[in-house]
Protein chains: 2
Amino acid sequence: MIPGMARTNPDFQNGVPELLLLRLLAGREMYGYELVKAIQTAAGETLRFGEGSIYPVLHGLQSRKLVSTRKQEVSGRVRIYYKITATGRKRLVEMAAEFRRTADAVRLVLGDGDAPA
Amino acid sequence: MIPGMARTNPDFQNGVPELLLLRLLAGREMYGYELVKAIQTAAGETLRFGEGSIYPVLHGLQSRKLVSTRKQEVSGRVRIYYKITATGRKRLVEMAAEFRRTADAVRLVLGDGDAPA
DNA sequence: TTTGATACCTGGAATATCCAGGTATATGCG
DNA sequence: CGCATATACCTGGATATTCCAGGTATCAAA
């Protein structure tokens, strides 16, 4: 492990970018750079995903038809707007449920739970 | 993607095996196979980690000195007992906190939160 | 003797995230 | 004008994690 090298796969964050993107797009159509900034604002210090993480996920969502795209030029710069599809909404619901189940299971083992018995 | 192939890195589970192992070992010394079974019991349907996932993590913990080991023969079979170290306990506390922070941040964005404002 | 449980292990595949770099346009400042 | 900064897009390669599928060996029960 060379110090300062890429620490990939941070603990517990696997799948989080996809979930966050779908969640944000469930509210309204947004473009890539806007999503990057929105995630930095919404998730703050704890979750930090840069462009290098977000754009590839966005392309994956597109190829799996969970989002649709539209190009638009705004004052000389091209933006690619992403819009969630019906399939995408279904996936969001599933992922959110999966997240809660996983988080609850871990909490249970950790002993934080409001576990009976 | 060939159907039936290994689906590695399931969403949200990154780092969970390590956290669970440290948590279980915080209670008492245990051996590998016992830990595998304990995780299957404790985490049930949701979190399912097989031997192929657990043993490598156990070896990683050992080489990082988060656990110490001891061999013992019990009725013809050799067991390797793992015991958490002081460093391991520190790591457990950190990981548990990290888990909660991450889970809370995601929940906040999902909108489950008891978020004010 | 064959099955199943116990108890350990690993190689290679698949996948996710991240750093560091890239391209290009517009805008503000000295 | 020249330069830095912000906007807006993108990718290659490194690193890390998990999992399947397979392996070894002992012991007990059928």
Side-chain angles (χ1 to χ4, degrees), chain A residues 1-21 30-41 43 46-64 69-82 95 99 102, chain B residues 1-21 30-41 43 46-64 69-82 95 102 106:
Chain A
M1 270 185 284
I2 298 134
M5 280 309 262
R7 286 166 14 273
T8 63
N9 294 7
D11 289 335
F12 318 122
Q13 298 196 4
N14 204 321
V16 170
E18 179 173 330
L19 178 56
L20 294 185
L21 287 173
M30 293 171 80
Y31 58 97
Y33 194 76
E34 185 185 13
L35 285 161
V36 170
K37 296 301 166 191
I39 284 181
Q40 286 168 6
T41 303
T46 306
L47 274 15
R48 291 166 50 202
F49 302 101
E51 300 181 30
S53 303
I54 297 305
Y55 282 117
V57 175
L58 234 21
H59 301 153
L61 291 175
Q62 181 183 9
S63 73
R64 289 155 61 207
T69 61
R70 170 174 78 81
K71 273 202 178 93
Q72 188 177 332
E73 194 178 319
V74 177
S75 66
R77 292 187 206 83
V78 175
R79 292 177 178 171
I80 301 177
Y81 279 88
Y82 294 85
M95 279 198 94
F99 170 79
T102 302
Chain B
M1 274 185 280
I2 298 135
M5 280 311 260
R7 285 165 17 270
T8 63
N9 294 6
D11 290 335
F12 316 123
Q13 297 194 4
N14 204 319
V16 170
E18 178 173 330
L19 177 56
L20 295 185
L21 287 173
M30 295 173 79
Y31 58 96
Y33 193 76
E34 187 185 11
L35 285 161
V36 170
K37 297 300 166 191
I39 285 181
Q40 285 168 7
T41 303
T46 305
L47 272 17
R48 291 166 49 202
F49 301 101
E51 301 182 29
S53 302
I54 297 305
Y55 282 118
V57 175
L58 233 21
H59 300 155
L61 291 175
Q62 182 183 8
S63 74
R64 288 154 62 206
T69 62
R70 168 174 80 81
K71 272 200 178 94
Q72 186 175 333
E73 194 177 317
V74 178
S75 65
R77 290 188 207 82
V78 175
R79 291 177 179 171
I80 301 175
Y81 280 88
Y82 294 85
M95 279 196 94
T102 303
V106 172

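A note on names: the letters A, B, ... follow the listed sequences, proteins ahead of strands, and every chain is numbered from 1. Both backbone and side-chain heavy atoms feed into the values below; hydrogens, waters and symmetry mates do not.
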Check: In whole Å, what is the span from the OH atom of A:Tyr55 to the C1' atom of C:dA16?
Finding: 19 Å
Checklist line | Distance, rounded to the nearest Å, where B:Lys71 contributes NZ and D:dT26 contributes P | finding: 15 Å
Next item on the list: Please name the pair of heavy atoms, one in A:Glu51 and one in A:Pro56, separated by the smallest distance, quoted to 0.1 Å.
Entry: O-CD, 3.9 Å
Notebook entry, point to check: Could you state the CZ-C1' distance from A:Arg79 to D:dA6, rounded to the nearest angstrom?
Noted result: 12 Å
Notebook entry, point to check: How is B:Val74 classified with respect to the nucleic acid when contacts are heavy atoms under 4.0 Å: base, sugar-phosphate, or nothing?
Noted result: nothing
Check: Looking at C:dT15, does its base get a donor-acceptor pair with the side chain of B:Asn9 below 3.5 Å?
Finding: yes
Next item on the list: Please state how far atom CG in B:Leu58 lies from atom C1' in D:dT17, giving the value in whole angstrom units.
Entry: 16 Å
Checklist line | N/O (side chain, B:His59) to phosphate O (OP1/OP2, C:dT10) under 4.0 Å | finding: yes
Next item on the list: Would you mind reading off the distance between B:Leu21 atom CG and D:dT17 atom P, rounded to a whole angstrom?
Entry: 13 Å
Next item on the list: Drop me the distance from B:Ile54's CD1 to B:Glu18's CD, to the nearest 0.5 angstrom.
Entry: 11.0 Å
Next item on the list: Whole angstrom is fine here: how far is it from CG in B:Asn14 over to P in D:dT15?
Entry: 17 Å
Check: Got a second to check how far A:Lys71's NZ is from A:Arg79's CZ, nearest 0.5 Å?
Finding: 15.0 Å
Notebook entry, point to check: Would you say the side chain of B:Leu21 lies within less than 4.5 Å of the side chain of B:Leu58, judging by non-hydrogen atoms?
Noted result: yes
Next item on the list: Ignoring the backbone of B:Val57, work out which of C:dA16, D:dC10, D:dT18 is nearest its side chain.
Entry: D:dT18
Next item on the list: State whether the number of non-hydrogen atoms from other residues, nucleotides or ligands found under 6.0 Å of A:Arg48 atom CZ is greater than 12.
Entry: no
Shorter than 3.5 Å, N or O on both sides, protein versus nucleotides 27-29 of chain D: list them out with atom names.
unit_1	atom_1	unit_2	atom_2	d
D:dC27	O4'	B:Arg77	NH2	3.3

Margin query: Counting the atoms with a prime plus P, OP1 and OP2 as sugar-phosphate, which does B:Glu51 contact under 4.0 Å by heavy atoms, base, sugar-phosphate, or nothing?
Written below: base
Check: With side chains defined as the heavy atoms from C-beta onward, is the minimum distance between B:Leu19 and A:Phe12 less than 4.5 Å?
Finding: yes
Checklist line | Euclidean distance, atom CZ of residue A:Phe12 to atom C1' of D:dA16 [Å, nearest integer] | finding: 14 Å
Notebook entry, point to check: Considering only heavy atoms, which members of residues 30-39 of chain A lie under 4.0 Å from some atom of DNA chain D?
Noted result: A:Tyr31, A:Gly32, A:Tyr33
Next item on the list: Could you check if a side-chain atom of B:Leu20 sits within less than 4.5 angstrom of a side-chain atom of B:Phe49, using non-hydrogen atoms only?
Entry: yes
Checklist line | Side-chain heavy-atom pair B:Ile80, B:Tyr31 within 4.5 angstrom cut-off | finding: no
Check: In whole angstroms, how far is the C1' atom of C:dA7 from the CD1 atom of B:Ile54?
Finding: 15 Å
Checklist line | Residue met sooner reading DNA chain D from 5', once A:Asp11 and A:Gly52 are mapped to nucleotides | finding: A:Gly52
Margin query: Could you check whether any side-chain heavy atom of A:Gln13 comes within less than 4.5 Å of a side-chain heavy atom of B:Asn14, counting everything from C-beta outward?
Written below: no
